[in-house]
**Student:** 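Sharing a structure, written as structure tokens. Questions coming.
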Amino acid sequence: MKRLLILAAAAAVALSTSACVTVIDATDDGDLAWHGENAQPFDAARDQCRAETRHGQHSDAFRDCMAGKGWTRS
């Protein structure tokens, strides 16, 4: 019983952290510090937001677009 409880706790921890993504090895310096939970793929979201807003990553419109796709900047 104790072994089952430990296994269940470990599985819960693994599941709770599996949906979090942080972009840490991006090629563009502006791509650093974005975090997503249940987010669209980063490159596709970034490209779509660039096309939709016609603004850079530091604009409010771009950040709002990325937030709509599940990404926030820390």
Side-chain angles (χ1 to χ4, degrees):
M1 181 70 169
K2 186 176 180 181
R3 184 179 284 174
L4 182 60
L5 184 61
I6 292 171
L7 181 60
V13 169
L15 284 174
S16 68
T17 60
S18 66
C20 297
V21 176
T22 302
V23 178
I24 57 172
D25 63 346
T27 57
D28 182 5
D29 288 339
D31 290 345
L32 298 176
W34 286 99
H35 306 278
E37 187 169 334
N38 297 324
Q40 294 181 9
F42 180 78
D43 291 337
R46 182 197 58 214
D47 294 344
Q48 288 174 359
C49 288
R50 281 180 180 163
E52 289 174 19
T53 65
R54 300 180 194 270
H55 286 73
Q57 293 189 26
H58 300 289
S59 72
D60 290 336
F62 186 87
R63 284 191 295 268
D64 291 343
C65 179
M66 289 294 282
K69 297 178 184 322
W71 291 96
T72 56
R73 178 173 270 177
S74 58

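Quick caveat, the model's predicted, so the values are computed rather than measured.
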**Student:** Hey, could you give me the CE/NE2 distance between M66 and H35, rounded to the nearest 0.5 Å?
**Tutor:**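 If we round to the nearest 0.5 Å, M66:CE and H35:NE2 are 11.5 Å apart.
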**Student:** For Q57 and R46, run side-chain contact (heavy atoms from CB on, under 4.5 Å): C-alpha distance rounded to whole Å, both residues' side-chain angles, the deciding distance at 0.1 Å, then the answer.
**Tutor:** CA-CA 9 Å; Q57 293 189 26; R46 182 197 58 214; 3.7 Å; yes
**Student:** Closest approach of A61 and T53, non-hydrogen atoms and distance?
**Tutor:** O-CG2, 3.6 Å
**Student:** Within the 4.5 Å heavy-atom criterion, are K69 and F42 side-chain neighbours or not?
**Tutor:**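 K69 vs F42: side chains apart.
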**Student:** Using modelled atom types only, decide if a donor and an acceptor are shared between the side chain of R63 and the backbone of H58 within a distance under 3.5 Å.
**Tutor:** yes
**Student:** Please find the pair of heavy atoms, one from G70 and one from A39, that lie closest to each other, and give the distance.
**Tutor:**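 Here G70 and A39 meet closest at O-CB, 3.4 Å.
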**Student:** What heavy-atom pair brings F62 and C49 nearest, and what distance separates the two atoms?
**Tutor:** CE1-CB, 3.5 Å
